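It should be emphasised that the depicted structure is a prediction, and the values quoted were computed from it without experimental measurement. What you see below is based on every heavy atom in this structure, not just the backbone, and it leaves out hydrogens, waters and symmetry mates. Along the sequence shown, residues carry numbers from 1.
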Amino acid sequence: MAAKQRLQELFAKYDTSGDGVLSEEEMTAVFEAIGIKKNKAQAMFQAADADQDGTINCHEFIAWLTKQRLKVGLKQHTEGAEPG
């Protein structure tokens, strides 16, 4: 539960307009903070915008971050695995 709350707080931090959704501009700030290059930002935004309404709501944000975290974890796990 604490992790979800931290993600909600992170969402609120980047929702600089306070409208309850992240615009592409606001998400660009998120991408920059986690090291995603601007040339990949549009594709990442579209991937995070599950309902394709042009904004990212908190649920989409949390789902996207969780999915990205799993991808990174799986990649690190498989890269670190020793051949059997």
Side-chain angles (χ1 to χ4, degrees):
M1 187 69 167
K4 184 177 179 179
Q5 184 177 353
R6 285 195 307 266
L7 291 175
Q8 289 170 331
E9 290 169 359
L10 184 62
F11 176 87
K13 174 183 174 181
Y14 287 102
D15 180 18
T16 56
S17 65
D19 61 359
V21 294
L22 298 177
S23 66
E24 191 165 354
E25 182 180 319
E26 290 168 323
M27 275 299 286
T28 298
V30 175
F31 296 144
E32 289 175 358
I34 61 175
I36 295 172
K37 305 269 186 222
K38 283 189 177 189
N39 62 345
K40 294 187 178 189
Q42 186 176 15
M44 296 294 284
F45 181 83
Q46 290 173 351
D49 186 12
D51 63 7
Q52 299 298 301
D53 68 351
T55 60
I56 309 297
N57 64 40
C58 191
H59 177 75
E60 290 171 320
F61 181 75
I62 291 171
W64 177 77
L65 280 177
T66 302
K67 186 176 181 180
Q68 295 308 306
R69 189 175 190 181
L70 286 174
K71 284 183 185 178
V72 169
L74 287 173
K75 184 177 178 183
Q76 289 174 343
H77 178 72
T78 57
E79 287 176 352
E82 294 183 23

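- Considering only heavy atoms from C-beta on, Val21 stays 4.5 Å or farther from Asp15 through its side chain.
- The shortest heavy-atom contact between Tyr14 and Ala33 is OH-CB, 3.2 Å.
- Judged by distance alone, the side chain of Gln42 and the main-chain N or O of Asn39 form no donor-acceptor pair under 3.5 Å.
- The number of heavy atoms from other shown groups lying within 6.0 Å of CD (Glu25) does not exceed 12.
- With sequence neighbours left out, the salt bridge (charged side-chain N to carboxylate O under 4.0 Å, His left out) criterion links Lys38 to Glu32.
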- Check step by step if side-chain contact (heavy atoms from CB on, under 4.5 Å) holds for Leu7 and Leu65. CA-CA 9 Å; Leu7 291 175; Leu65 280 177; 3.8 Å; yes
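- Atom CG of Asn57 and atom CG of Leu22 lie 9.0 Å apart (nearest 0.5 Å).
- Under the 3.5 Å distance criterion, the side-chain polar atoms of Asp49 are matched with a main-chain donor or acceptor of Gly54.
- The backbone N or O of Asp51 lies less than 3.5 Å from a partner atom in the side chain of Glu60, making a donor-acceptor pair.
- Using a 4.5 Å heavy-atom cutoff, the side chains of Phe61 and Leu10 are in contact.
- The shortest side-chain heavy-atom distance between Met44 and Trp64 falls under the 4.5 Å cut-off.
- We find the SG-NZ distance between Cys58 and Lys4 to be 8.0 Å, quoted to the nearest 0.5 Å.
- In terms of modelled atom types and a separation under 3.5 Å, the side chain of Glu24 and the main chain of Phe45 share no donor-acceptor contact.
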